[in-house]
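What you are looking at is a predicted structure, and each value in this text was computed from that prediction instead of being measured. Sequence lines set the chain letters: A, B, ... in the order given, protein chains first and strands last, and positions in each chain run from 1.
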Amino acid sequence: MENKSQPPNQINNNFIQEIIENEQKSNTSAKQLVTRFPPEPNGYLHIGHAKSISINFELAKLYNGKCHLRFDDTNPLNENPDFIESIKKDIKWLGWNWGENLFYASDYFETLFEYATKLTLDGKAYIDESSQEQIRQLRGTLNSTGTESPYRNRPINENVELLNKMRNGDFEEGSMVLRAKIDMNSGNINLRDPILYRIIKTPHFKTGTKWKIYPTYDFAHGQSDSIEKITHSICTMEFEDHRPLYDWLIENIHIHHPQQIEFARLNISYTVLSKRKLSELVEKNYVQGWDDPRMPTISGLRKRGYTPESIKNFCNKIGVAKRQNTVEIQLLEHCIREDLNKNCKRVMGIIDPVKVVITNYPENQSEKLEAINNPEQEEMGSRKIEFSREIYIESNDFMEDPPKKYFRLSPGKEVRLRYGYIIKCTKVIRDEVSNKILQIECEYDPNTKGGYAPDGRKIKGTIHWVSSSNSFETKVNLFNNLFSVEKPDEYDSIKEVINPNSMETFHNSRIENHLLKAMPGDKFQFERLGYFCVDKIDSISNLPIFNRTVTLRDSWAKIQGSTNPKISQS
RNA sequence: UGCCCGGUGGUGUAACGGUAGCACAAGGGACUUUGAAUCCCUCAGUCCAGGUUCAAAUCCUGGCCGGGCAGCCA
């Protein structure tokens, strides 16, 4: 048999793997592969980070190496220890383990300073007392070369002395910086005497007030990689221009030389993935927090009901390359459906209920019917559900004047109640004032218990239901795309493209009693609707509140040409 | 009028000079007590122009288009 598809969950062949593969083949020094994930503790992780985490940890796993977690905490102005825990939690939740290899760039401040001293001693770095404005002026522009600073040729001993005084806190913030002496004429602006250290007197959450100067990203990052003996330093494309500087510093300090490799960051349709825009959503209260189920953050996805498995799978499917990309959000949805379909218990829940009275079913009678828990996994068994005279069905499973090919309930028509009976609609009762449907009356066919028609008549439609006695009323949140356009990044303001209907809450949904004791995070398929998870237990009612993770695929909605599938306005 | 990177179906990603494949999406069909799942089928692609070669998505040259870079952010 031909092996047509690749084994599940195998990472796509990508160019980084190819580089490593080639190194191992032609290999001279059989070094152990060491990668790292280097977040700055200044925000929450999102699915773009998950891609990076996945690349780094997956590679380590694949080549029997290791992946470090290193917090890039070089700027006390931006960073906050609260983020440390959330970042660790999210990585662990995704299923990755850095083991003993947890580091902080701040652990290396002393060594970094030694490196800076060495460069200064070698005449490769100098103290510049120009103002921030002057430095910018002299840097030149994209189309013009820079000009050397008047401080560039300061004697070495003076530089060393000033550097030490800078460290001691003898100078004001902004009064001077340490710069590498490279090339003010370079076409690459990063090489025009980049700043290595700046004075910051804000205390650092780890080193306190010990340091008055802090290394910039360019000076801290590569050297930290080197100290940790990283072999492959994988980052996103915007650092490509920094690679010549990364290499220059390491070569001029004469230390272990990791290889920086850049890949294209992830973009997903109908959402944003930049830290700035994500914060804006939170700060301007477009969402309820970083972990709002509409957010593409790891914590948001978790609250939404995504599983680590589905996210990892997604990361494997999107591949790794250098070209700009926007992955359709449908692929993410596919990944979570794939996982949940296999593993979730089926259950019946009515988002927007309408009452149905079975007029020929005795008033005080009820009976138990058998329902299968998961047709994908027989081991999951079955459960009993209760049928009685008064039940609820989904309001959009009834239409008084249905279009053709509508297989659900309508006047005079029959429909099957899943695992129940075949019923026929006999009457619709409306509110005289509002004309709203108050109640639907049906008759059931007693010979169709379990939903089987002994006379062999074909019943095309099957709908979900709960009996009023065997269900509880609770709140259900439905989510849609946060943005109404495919590429929100292309618009100036979030406001003009945010989807006003990204969240819809139903307060009177009815769920079968089977879920009374469901706990936060528990996941279910509500038959015919989608996958839902318990958001939390309501503090007043003590009942679970549900979030819709994703709808089931819905070919009826497509036929209808509806842009808002499932539960439309009543 | 600088430096760097990139352009393969609608989207994402393979093919390493030798049959352009996979996934998602879309369309159709089979099955169906979830309009789900599953299964089958279909649609659809190498930015352009030259060159090298028996043979080019792949190598070369020149265009065109897209992206990144002028923080004491990362």
Q) With sequence neighbours excluded, what pairs up with A/Met399 under the side-chain contact (heavy atoms from CB on, under 4.5 Å) test? A) A/Pro402, A/Pro403, A/Tyr406

Q) In residues 261-270 of chain A, which residues come under 4.0 Å of RNA chain B by heavy atom? A) none

Q. Any N or O donor-acceptor pair linking the side chain of A/Arg136 to the base of B/G71 at under 3.5 Å?
A. no

Short N/O separations, protein against nucleotides 65-67 of chain B, under 3.5 angstrom:
from: B/G67; atom 1: O4'; to: A/Gln324; atom 2: OE1; distance (Å): 3.4

**Q.** Whether over 12 other heavy atoms sit under 6.0 Å from A/Tyr491 OH
**A.** no

Q. When you measure from the side chain of A/Phe239, which nucleotide among B/U34, B/G35, B/A74 comes out closest?
A. B/A74

**Q.** Nearest-neighbour nucleotide for the A/Lys405 side chain, B/C24, B/G12, B/G35 considered
**A.** B/G35

Q. Nearest-Å distance, CD1 (A/Ile463) to C1' (B/A36)?
A. 16 Å

Q. Do other residues, nucleotides or ligands put more than 12 heavy atoms under 6.0 Å from A/Glu172 CD?
A. no

Q. At under 4.0 Å, does any side-chain N or O of A/Ser144 touch on OP1 or OP2 of B/A70?
A. no

(Q) Does B/A14 have OP1 or OP2 under 4.0 Å away from a side-chain N or O of A/Asn13? (A) no

Q. Between B/A36 atom P and A/Met348 atom CE, what is the distance in whole Å?
A. 18 Å

Report, one pair per line, the protein and nucleotides 7-10 of chain B atoms (nitrogen or oxygen only) whose separation is under 3.5 Å.
from: B/G10; atom 1: N2; to: A/Glu328; atom 2: OE1; distance (Å): 2.8

Q) In whole Å, what is the span from the CD atom of A/Gln525 to the P atom of B/A37? A) 10 Å

Q) Has A/Lys523 got its NZ or CZ under 6.0 Å from the middle of the six-membered ring of A/Tyr531, at an angle within 45 degrees of the ring axis? A) no

Q) When we call it a touch if two heavy atoms are under 4.0 Å apart, what does A/Tyr197 touch: a base, just sugar-phosphate, or nothing? A) nothing

**Q.** Pairing residues for A/Ser106 by the side chain to side chain donor-acceptor pair (under 3.5 Å) criterion, not counting sequence neighbours
**A.** A/Asp73

Q. Of A/Tyr217, A/Phe263, A/Tyr246, which is the lone residue that meets ring-ring contact (aromatic ring centres under 6.0 Å, His included) with A/Phe239?
A. A/Tyr217

Q: May I ask you to verify whether the side chain of A/Asp241 and the base of B/G68 hold a donor-acceptor pair under 3.5 Å?
A: yes

(Q) For a quick test of reading the model: is some side-chain N or O of A/Arg337 closer than 4.0 Å to OP1 or OP2 of B/A37? (A) no

**Q.** Shortest side-chain distance from A/Gln330, nucleotide among B/A14, B/A25, B/U34
**A.** B/A25

Q: For the side chain of A/Ser555, starting at C-beta, report the closest nucleotide among B/G2, B/C24, B/G35.
A: B/G35

Q. What is the distance, rounded to the nearest whole Å, between atom CD of A/Glu238 and atom P of B/A70?
A. 11 Å

Q. Is the base of B/A74 touched by the side chain of A/His242 through a donor-acceptor pair closer than 3.5 angstrom?
A. yes

(Q) Would the distance check show the side chain of A/Tyr452 and the main-chain N or O of A/Lys449 forming a donor-acceptor pair, the cut-off being under 3.5 Å? (A) no

(Q) Which residues pass the ring-ring contact (aromatic ring centres under 6.0 Å, His included) test with A/Tyr151, not counting sequence neighbours? (A) none

Q) Near A/Lys322 NZ, under 6.0 Å, is it more than 12 heavy atoms from other residues, nucleotides or ligands? A) yes

Q: Starting from C1' on B/U32, measure out to CD on A/Glu527 and report it in whole angstrom.
A: 13 Å

Q: With heavy atoms under 4.0 Å as the rule, sort A/Pro375 into base, sugar-phosphate or nothing.
A: base

Q | Pair listing, salt bridge (Lys or Arg N to Asp or Glu O under 4.0 Å) test, anchored in residues 180-205 of chain A, at least two apart | A | A/Arg152-A/Asp193

Q) Where the side chain of A/Val177 is concerned, which of B/C72, B/C3, B/A36 is the nearest nucleotide? A) B/C72

Set out, line by line, the N/O atom pairs under 3.5 Å between protein and nucleotides 56-59 of chain B.
none

Q: From the options B/C24, B/U34, B/A74, select the nucleotide whose nearest atom is closest to the side chain of A/Arg346.
A: B/U34

(Q) I want to verify a distance call: between B/C69, B/G35, B/C73, whose nearest atom is closest to the A/Arg198 side chain? (A) B/C73

**Q.** Residue pairs fulfilling salt bridge (Lys or Arg N to Asp or Glu O under 4.0 Å) with at least one residue in residues 455-467 of chain A, sequence neighbours excluded
**A.** A/Glu414-A/Arg457, A/Asp445-A/Arg457, A/Asp455-A/Arg457

Q. Between A/Gln134 and A/Gln132, does a side-chain hydrogen bond (donor to acceptor under 3.5 Å, both in side chains) hold up when you go through it step by step?
A. CA-CA 6 Å; A/Gln134 283 170 312; A/Gln132 196 160 346; over 6 Å; no

Q.
Tell me whether the side-chain N/O atoms of A/His464 come closer than 4.0 Å to OP1 or OP2 in B/U34.
A. no

**Q.** Partner set under salt bridge (Lys or Arg N to Asp or Glu O under 4.0 Å) for A/Asp170, not counting sequence neighbours
**A.** none

Q: Identify the heavy atoms of A/Leu162 and A/Ile127 that sit nearest to each other, and give their distance.
A: CB-CG1, 3.7 Å

Q: From the options B/C72, B/A36, B/A70, select the nucleotide whose nearest atom is closest to the side chain of A/Gln132.
A: B/C72

Q: Identify which nucleotide among B/U34, B/A26, B/A70 has an atom closest to any side-chain atom of A/Arg553, counting heavy atoms from C-beta outward.
A: B/A26

Q) Just wondering, more than 12 heavy atoms not from A/Lys212 lying within 6.0 Å of its NZ? A) yes

Q. Just wondering, are more than 12 heavy atoms of other shown residues or ligands nearer than 6.0 Å to CD1 in A/Ile329?
A. yes

Q: Have a look at A/Asn75 and say if it touches a base, only the backbone sugar-phosphate, or nothing, with a 4.0 Å heavy-atom cut-off.
A: sugar-phosphate

Q: Spell out yes or no: do the side chain of A/Glu376 and the base of B/U38 have one donor N/O and one acceptor N/O closer than 3.5 Å?
A: no

Q. How many angstroms lie between atom CG of A/Leu62 and atom CD1 of A/Ile55, to the nearest 0.5 angstrom?
A. 12.5 Å

Q.
Expressed as a whole number of angstroms, how long is the span from A/Arg70:CZ to B/A74:P?
A. 13 Å

Q) Reckon A/Glu173 touches a base, only the sugar-phosphate, or nothing at all at heavy-atom distances under 4.0 Å? A) nothing

**Q.** Distance below 4.0 Å between A/Arg192 side-chain N/O and B/G71 OP1 or OP2
**A.** no

Q. For B/G35, does OP1 or OP2 lie under 4.0 Å from any side-chain N or O of A/Lys558?
A. no

**Q.** Atom-to-atom span, CD1 of A/Ile200 to P of B/C72 - whole angstrom
**A.** 11 Å

Q) What stem regions, each of at least 3 consecutive Watson-Crick or G-U pairs below 3.5 Å, can be found for RNA chain B? A) B:2-7 with B:64-69, B:10-13 with B:21-24, B:26-30 with B:38-42, B:47-51 with B:59-63

**Q.** Partner residues of A/Arg346 under the salt bridge (Lys or Arg N to Asp or Glu O under 4.0 Å) criterion, sequence neighbours left out
**A.** none

Q: Name the orientation of the base relative to the sugar in B/G71: syn if the glycosidic angle is within 90° of 0, else anti.
A: syn

Q | A/Ala321 side chain, from C-beta outward: closest of B/G35, B/U34, B/U13 | A | B/U13

